[in-house]
Amino acid sequence: MKSSKMLRVIACLLLVCMVFGACSSNSGNGGNTSQPAGGEVVNGQKTGGRVKDGIVFALNAEPTSLDPQVAAERITYIPVMQLYDRLVMEDPDTREIQPMLAESWEFNDDNTEITFKIKEGVKFHDGSDLTVDDVVFSINRAINDAPSKLFSSAMDRMEKVDDTHCKLILKYAFSPVMYCLNNVQFCIVKQAAVEADEEGFSRNPIGTGPYKFVSWTSGADLVMEAFPDYWRGEAEVKKVTFRTMTDTSASVMALEAGDVDVIASVPNSDRANLLANNDVEWYETEGASIYILTFNTQEGLFAGQTLEDNGTKLRQAISYAINRDDIILGALEGIGTPLYAPMASFAFGYPDLDTFQIIEQDQDKAKALLAEAGYPDGFTVTLRCTEAANYTQPAVIIQDQLRQVGITVELDQMERGTYLQEVYRDMKYEMSIWSMTSDYPDGDSPTYVRLHGSMIGNTNNYVGVNIPELNEALEIGRTSQDQEERKAAYLKVSEIVRDYAPMIPLYSQMNNVVANAALTGVRAHYGMVVDIYSYGWRAE
């Protein structure tokens, strides 16, 4: 009897110790947790062990600036987009342009002017009101700054109309202009803050976005908190910590351990394991980066601007020797989208592959074209690429595919800076593998800057192609307001690129975001845009 009572006493004492031990412990998650007595609270709901009031987002490199008109790298875009708003935004489901700081807009008769009505009552993070002057200053600053040139080349200036309206004046009618205004470089900044200390603004930013800047420790954490006066309502996730973690394996382990909540651009080698992990969710979509095999059409072995030129026939031979599916399998572990036109497959103007005649691997046809061009026994060519695996891996597979039709490829793997100077800028190459980006979901990007004759050199049209009918189609696609006419123009662009082969579109990679399974609202985006305002914690 005494023994039984003693056991019950010991059991009670152990239970009390366990309760107090649980209450006093603190299982941290990037500094974003505190411990209640009754379990974790996610958006006001108990879920097991901690109160989570934010997220930790791992970045594989440190951002360079929080000034949107200076930002030039996609890794930098991720934090910048949380701090600011644009005039318009792209609907993540339909890809249609929706109002943001501009509540409405109107084009003039010839589509060279757009008048915007600016939303009233919007606050900057310092409590001051957004004004039309801030909008005009920001857009003109973007137009005049180098990082936005791919998006602003058709824009002349923004002018103030009155205290609620401003007008964007274009150099010519430009169909994708609204998509360009959705780009990070066209975020709206506080004019007075920039003018007071333009250099310091990059590390002490003031915007109107859902999150406001708190602190930035170089090489470690960039911290933001929800802006309580945000015009769309305060964000559900109250604190965001962007953590620089250059070791991807370490960030994946941190995600699995719960120390990190979100990672973008996880290697495909981790895909299978993470898909099998019930504690995380893998989100992916076709990316905007288009991998291409390029040729110098101005001089050397592949020179030629007509179908009768031997250089064109050699490019065609290589086009018939390529097997995209095998390249994707070998270089991307099968996770990619084959491309047959010089734009992303989700872009307006990408041809319907049910009716568009594509070139598939045909080694006999390749050999016949080699003989027609005067090289029945093949030839030797140098393929230049950077040392990065995402270029060397497909290059090795292409090397083997061309070997099978008699073409010997010597790989010249270059340091990135040297490659950019010699190949991308100076056009000192015969054949190369590189990527270009569909920065907005329209056939104009990247086709105009990469293929129009007026853009030869200076990192744009570095294949050197200048074909009059191609130039004409690109101009129609860029300026026409008739969507059927534009679609026909981009079909023509795709046909010319297929037939003349100044470049061979190969594939696009899949973009991914991997997150704690309890997070909602997470999306993968073709341009690696991250919208943390849409995130929330799932209640169990």
inquiry  = For the backbone of Glu113 and the side chain of Asn108, can you confirm whether one donor and one acceptor N or O come within less than 3.5 Å of each other?
reply    = yes

Donor-acceptor pair, side chain of Asn512 and main chain of Thr285, under 3.5 angstrom = no

inquiry  = Under a 3.5 Å cutoff, is there a donor and acceptor pairing between the side chains of Asp439 and Thr437?
reply    = no

ask   = Within a strict 4.5 Å, meaning less than it, do heavy atoms of the Tyr526 and Arg95 side chains meet?
value = yes

key: Sole residue of Val80, Thr76, Asn183 in side chain to side chain contact (heavy atoms under 4.5 Å, CB included) with Pro68   = Val80

inquiry  = Tell me whether Asp444 is salt-bridged to Arg478, with the criterion being a basic N under 4.0 Å from an acidic carboxylate O.
reply    = yes

query = Should the heavy atoms of other residues, nucleotides or ligands under 6.0 Å from CD of Gln357 be counted, would the total exceed 12?
reply = no

inquiry  = Treating Gln361 as the side-chain partner and Ser319 as the backbone partner, does any N or O pair qualify as donor plus acceptor under 3.5 Å?
reply    = no

ask   = Taking the side chain from Asp156 and the backbone from Lys171, do they hold a donor-acceptor pair closer than 3.5 Å?
value = no

ask   = So does Asp442 pair up with Arg486, basic N to acidic O under 4.0 Å?
value = yes

query = Is the closest side-chain donor-acceptor distance between Thr297 and Gln305 under 3.5 Å?
reply = yes

inquiry  = Go through it in stages, so that I can follow the logic: the residues are Glu286 and Ser508, the test is side chain to side chain donor-acceptor pair (under 3.5 Å), and I'd like the CA-CA distance, side-chain angles, deciding distance and then a yes or no.
reply    = CA-CA 7 Å; Glu286 181 187 349; Ser508 60; 3.0 Å; yes

message = Between Lys190 and Asp134 (salt bridge meaning N to carboxylate O under 4.0 Å), is one present in this structure?
response = no

Whether over 12 other heavy atoms sit under 6.0 Å from Arg232 CZ = yes

message = Checking Lys428 now: which residues fulfil salt bridge (charged side-chain N to carboxylate O under 4.0 Å, His left out) with it, not counting sequence neighbours?
response = none

query = Does Gln69 reach the main-chain N or O of Gln185 with its side chain, forming a donor-acceptor pair under 3.5 Å?
reply = yes

inquiry  = Using the rule given for side chain to side chain contact (heavy atoms under 4.5 Å, CB included), can you reason through Leu130 versus Leu101, listing the C-alpha separation, both sets of side-chain angles and the distance that settles it, and then say yes or no?
reply    = CA-CA 9 Å; Leu130 169 75; Leu101 292 180; 4.1 Å; yes

message = For Glu360, is there an ion pair with Arg324 - N to carboxylate O distance below 4.0 angstrom?
response = no

key: Close side-chain approach of Tyr340 and Arg498, heavy atoms under 4.5 Å   = no

query = Is there side-chain contact between Gln399 and Leu383, with at least one heavy-atom pair below 4.5 Å?
reply = no

request  = Taking atom types as modelled, find out whether Tyr291 and Asn390 have a side-chain donor-acceptor pair closer than 3.5 angstrom.
outcome  = yes

query = Hey, are the side chains of Ile118 and Leu87 touching, using non-hydrogen atoms and a 4.5 Å cut-off?
reply = yes

message = Under the criterion side chain to side chain donor-acceptor pair (under 3.5 Å), I'd like the reasoning laid out for Thr164 against Glu120: C-alpha separation, chi angles, the key distance, then a yes or no.
response = CA-CA 7 Å; Thr164 57; Glu120 297 182 71; 5.4 Å; no

key: Sequence-distant partners of His452, side-chain hydrogen bond (donor to acceptor under 3.5 Å, both in side chains), two or more places apart   = Ser454, Glu475

inquiry  = One pair to check against side chain to side chain contact (heavy atoms under 4.5 Å, CB included): Val189 and Phe137. What are the steps and the verdict?
reply    = CA-CA 8 Å; Val189 299; Phe137 171 80; 4.0 Å; yes

ask   = Are the side chain of Thr208 and the backbone of Tyr84 linked by a donor-acceptor contact shorter than 3.5 Å?
value = no

request  = Give a yes/no verdict on a cation-pi contact between Arg523 and Tyr535, requiring under 6.0 Å between NZ or CZ and the six-membered ring centre and an angle within 45° of the axis.
outcome  = no

note = The side-chain hydrogen bond (donor to acceptor under 3.5 Å, both in side chains) partners of Glu159 (sequence neighbours excluded) come to Arg157

task = Establish, from distance only, whether the side-chain atoms of Glu485 and Ser480 form a donor-acceptor pair under 3.5 Å.
result = yes

ask   = If you draw a 6.0 Å radius around CG in Asp163, do more than 12 non-hydrogen atoms from other residues or ligands fall strictly inside?
value = no

message = If you count heavy atoms of other groups shown closer than 6.0 angstrom to CD of Glu472, is the number above 12?
response = no

side-chain hydrogen bond (donor to acceptor under 3.5 Å, both in side chains) involving Ser432 - partner list, sequence neighbours excluded = Tyr419

message = The test is ring-ring contact (aromatic ring centres under 6.0 Å, His included); show your working for Tyr211 and Tyr230 and say whether it passes.
response = CA-CA 8 Å; Tyr211 291 91; Tyr230 186 49; 8.5 Å; no

ask   = Passes salt bridge (Lys or Arg N to Asp or Glu O under 4.0 Å), Glu106 versus Lys117? Steps please.
value = CA-CA 9 Å; Glu106 184 177 351; Lys117 169 70 167 64; over 6 Å; no

Residue pair Leu181 / Trp105, side-chain heavy-atom distance below 4.5 Å = no

ask   = Going by the angle between their ring planes, with limits at 30° and 60°, are Phe379 and Phe302 parallel, tilted or perpendicular?
value = perpendicular

inquiry  = Tyr391: which residues meet the side-chain hydrogen bond (donor to acceptor under 3.5 Å, both in side chains) condition with it, sequence neighbours left out?
reply    = Ser435

key: Side chain proximity check, Asn111 to Tyr172, heavy atoms < 4.5 angstrom   = no

inquiry  = Test your reading of the model: is there a side-chain donor-acceptor pair from Asn144 to the backbone of Asn140, 3.5 Å cut-off?
reply    = yes

inquiry  = Tell me whether Gln316 contacts the main-chain N or O of Asp499 through its side chain, where contact means a donor paired with an acceptor under 3.5 Å.
reply    = yes

inquiry  = Could you go through Leu293 and Met431, starting from their C-alpha distance and side-chain angles, then the distance that decides it, and tell me whether this counts as side chain to side chain contact (heavy atoms under 4.5 Å, CB included)?
reply    = CA-CA 7 Å; Leu293 192 63; Met431 180 166 67; 4.0 Å; yes

inquiry  = If you apply the rule side chain to side chain contact (heavy atoms under 4.5 Å, CB included), what do you find for Ile433 with Ile398, and how did you get there?
reply    = CA-CA 10 Å; Ile433 184 168; Ile398 290 170; 4.1 Å; yes

Donor + acceptor pair across side chains of Glu284, Asn511 (<3.5 Å) = no

key: Distance-only side-chain donor-acceptor flag, Glu90 / Gln98, under 3.5 Å   = no

key: Basic-acidic side-chain contact under 4.0 Å: Asp67, Arg141   = yes

query = Counting N and O atoms only, with roles assigned by atom type, does the side chain of Gln82 sit under 3.5 Å from a partner on the main chain of Ile532, one being a donor and the other an acceptor?
reply = yes

Pairs under 3.5 angstrom only: tabulate donor-acceptor contacts from the side chains of residues 326-334 to other protein residues two or more places apart or in another chain.
none

key: Side-chain ion pair, Asp362 and Lys367, N-O less than 4.0 Å   = no

ask   = In terms of ring plane angle, is the pair Tyr462 and Tyr429 parallel, tilted or perpendicular, where the classes change at 30° and 60°?
value = tilted

inquiry  = Using 30° and 60° as the class boundaries, would you call the ring planes of Tyr440 and Phe174 parallel, tilted or perpendicular?
reply    = perpendicular

ask   = Is the backbone of Thr312 close enough, under 3.5 Å, to the side chain of Asp309 for a donor and an acceptor to pair up by distance?
value = no

message = Is there a side-chain contact between His525 and Met528 in this structure, where contact means two heavy atoms from C-beta onward sitting under 4.5 Å apart?
response = no

task = Could you tell me whether Arg384 and Glu422 make a salt bridge, using a distance below 4.0 angstrom between a side-chain N and a carboxylate O?
result = yes

Val529 side chain reached by Tyr77 side chain, heavy atoms, under 4.5 Å = no

